[in-house]
Amino acid sequence: MGICAMDFALKFNHSIFSTPYPPKPSPKCRFLTARCSLPLSSDGAATGLAERPWKVADARLVLEDGSIWRAKSFGASGTQVGEVVFNTSLTGYQEILTDPSYAGQFVLMTNPHIGNTGVNFDDEESRQCFLAGLVIRSLSITTSNWRCVETLGDYLAERNVMGIYDVDTRAITRRLRQDGSLIGVLSTEQSRSDDELLEMSRSWDIVGIDLISGVTCNAPYEWVDETKSEWDFNSDGRDRDTYRLIAYDFGIKHNILRRLASYGCKITVVPSTWPAAETLKLKPDGVLFSNGPGDPSAVPYAVETVKEILGKVPVFGICMGHQLLGQALGGKTFKMKFGHHGGNHPVHNLRNGRVEISAQNHNYAVDPASLPEGVEVTHVNLNDGSCAGLAYPALSIMSLQYHPEASPGPHDSDCAFREFIELMESTKQAA
């Protein structure tokens, strides 16, 4: 057994305690040398040391561009592949975790501090977490919120969702902005080599995959949950007539249903493959095509359903529903460089001149130049000029490429629900 020695010197100027400030420089000083010894094991490692009180890096994020990011894991363990996107929201990580539109994606939060409010069961936006993983800079070591019932790490572990922290999220965000969204692999398995994980990232693609079928409901159901008074900031809908609404679930968020219910809608939610003929048999006052994940071109059956309903009943499309409406009208959609994800995107409402701060989550957009005559672009994203809303008055169509329910996000666009109610009301009176 060998001996490990450590030497250090302390420079001590005793005149500093005996002379007025500032002390005069003195050439006289003492050097104290201390020596400590620790036994070494046969392989040269020091023994007798306590286990480190902090977590060490035990996970990797390998991107398809060849970059490898060491990190610490929380939540579930294993290996998972997904598309890496960044979200600029400052709050609302639980709503983001339960947004079905993030299926197949790793969400990187640009806000560096995540987890401080823990988790509660009032902020769920769907029945489970659909995203592939969570990437953050700093994981809060404590929670501080009166509604908290669980820590973020325990919540993800119970739902088999991987998370990593202590990684340079700013550097990764800059790479995504420069190169576009990248496929990545998260892994806590040390037996897998970097080359193996890199090959996994380069052999998987999110384009052309039907992600909606994995998040939609299995059978129709009635939305019966009432909006709690503390969350129902709209008071006009309670005294209105009841409107019968069919909502196609392409990955619908609960707060969309809550907002429609607040405006006086009786809602039946149907699966993404529900036949248009069955919908029309119910004689609804309107149809909602919801948000959802992935590539709209990968779900031609949904486009056909939209086509069969157009012109027969007022329709409202949100996010994926907006893109499906664009294709059903003869337009084209395209994949954006890194998409829009966050609760702070400015949108210009061309009809009233207002600028709305909106919540957005999409990687695809409608090309307005491909739309037929008569289709009106109603909203424009002020960050990049992309189409953020459509209307076709002749067929009673309206759509938005962002989330008017804003969960999480500001409530600037909640009036879109009232506009849809007015569209159904005017159509009903004209019949």
Side-chain angles (χ1 to χ4, degrees), residues 55-119 129-141 151-189 192 194 197-198 200-202 204 206 293 337-344 360-363 408:
K55 187 178 179 72
V56 296
D58 62 343
R60 287 164 292 170
L61 171 63
V62 179
L63 300 180
E64 61 176 309
D65 65 358
S67 60
I68 301 171
W69 307 81
R70 306 287 173 177
K72 301 172 184 177
S73 68
F74 69 109
S77 300
T79 299
Q80 179 68 49
V81 62
E83 180 183 42
V84 185
V85 298
F86 62 89
N87 187 298
T88 56
S89 295
L90 299 180
T91 61
Y93 56 80
Q94 187 178 348
E95 291 93 334
I96 292 168
L97 289 169
T98 53
D99 181 353
S101 297
Y102 281 115
Q105 294 179 321
F106 297 136
V107 179
L108 181 151
M109 302 296 296
T110 59
N111 183 19
H113 193 62
I114 300 296
N116 55 307
T117 58
V119 172
C129 294
F130 287 101
L131 81 172
L134 183 65
V135 180
I136 62 176
R137 176 65 183 91
S138 176
L139 178 64
S140 178
I141 61 175
T151 65
L152 177 59
D154 290 343
Y155 177 84
L156 292 185
E158 292 168 1
R159 288 154 181 80
N160 198 33
V161 176
M162 297 183 67
I164 59 170
Y165 67 102
D166 269 11
V167 65
D168 192 344
T169 52
R170 178 173 292 185
I172 298 175
T173 299
R174 291 183 65 180
R175 183 162 300 203
L176 296 177
R177 284 185 57 85
Q178 177 178 330
D179 300 333
S181 299
L182 296 170
I183 304 300
V185 177
L186 272 180
S187 182
T188 60
E189 298 177 312
R192 293 180 180 266
D194 293 341
L197 298 179
L198 179 60
M200 287 179 62
S201 70
R202 290 176 175 175
W204 188 82
I206 198 171
K337 185 176 181 180
F338 48 79
H340 297 158
H341 311 277
N344 48 10
Q360 303 205 8
N361 174 21
H362 61 103
N363 269 23

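We use all heavy atoms of the structure for the numbers below, so side chains are in, but hydrogens, waters and symmetry mates are not. Keep in mind it's a predicted model, so treat the numbers as computed, not measured.
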Closest heavy-atom pair and its distance - [X], [Y]:
X	Y	answer
Gly104	Ile206	O-CD1, 3.7 Å
Phe74	Ile164	CE2-N, 3.4 Å
Ser140	Gly115	CB-C, 3.6 Å
Ser67	Asp65	OG-OD1, 2.7 Å
Glu64	Ser181	OE2-O, 4.3 Å
Leu186	Gly133	CD1-CA, 4.4 Å

Not counting sequence neighbours, which residues clear salt bridge (Lys or Arg N to Asp or Glu O under 4.0 Å) with [X]? List them please.
X	answer
Glu158	none
Glu83	Lys335
Asp179	none
Arg170	none

request  = Name the orientation class of the two ring planes belonging to His341 and Tyr102 (parallel below 30°, tilted from 30 to 60°, perpendicular beyond 60°).
outcome  = tilted
ask   = According to the interplanar angle, ranging from 0 to 90°, do the rings of His340 and His362 count as parallel (below 30°), tilted (30 to 60°) or perpendicular (above 60°)?
value = perpendicular
How long is the gap from [atom1] on [X] to [atom2] on [Y], to the nearest 0.5 Å?
X	Y	atom1	atom2	answer
Ile183	Met200	CD1	CE	11.5 Å
Leu90	Ile114	CG	CD1	9.0 Å
Cys129	Leu134	SG	CG	9.5 Å
Thr173	Arg137	OG1	CZ	12.0 Å
Leu152	Asp154	CG	CG	9.0 Å
Leu108	Thr169	CG	OG1	5.5 Å

Is there side-chain contact between [X] and [Y], with heavy atoms separated by less than 4.5 Å?
X	Y	result
Pro408	Ile96	yes
Leu176	Val85	no
Val84	Val135	no
Val167	Leu61	no
Phe106	Met162	no

request  = State whether the number of non-hydrogen atoms from other residues, nucleotides or ligands found under 6.0 Å of Arg174 atom CZ is greater than 12.
outcome  = no
Check whether [X] reaches the backbone of [Y] with its side chain - one donor and one acceptor, N or O, closer than 3.5 Å.
X	Y	value
Thr188	Gly78	yes
Ser187	Arg60	no
Lys72	Lys55	yes
Asp58	Ser73	yes

message = Determine whether Met109 and Asn87 satisfy the following criterion, side-chain contact (heavy atoms from CB on, under 4.5 Å), listing intermediate values before the conclusion.
response = CA-CA 5 Å; Met109 302 296 296; Asn87 187 298; 4.0 Å; yes
key: Sequence neighbours excluded, every pair satisfying side chain to side chain donor-acceptor pair (under 3.5 Å) that has a member inside residues 106-118   = Tyr93-Thr117
ask   = Yes or no on side-chain contact (heavy atoms from CB on, under 4.5 Å) for Val119 and Leu97, after CA distance, side-chain angles and deciding distance?
value = CA-CA 11 Å; Val119 172; Leu97 289 169; 5.8 Å; no
inquiry  = Suppose the criterion is salt bridge (Lys or Arg N to Asp or Glu O under 4.0 Å): which pairs have a residue in residues 102-117, not counting sequence neighbours?
reply    = none
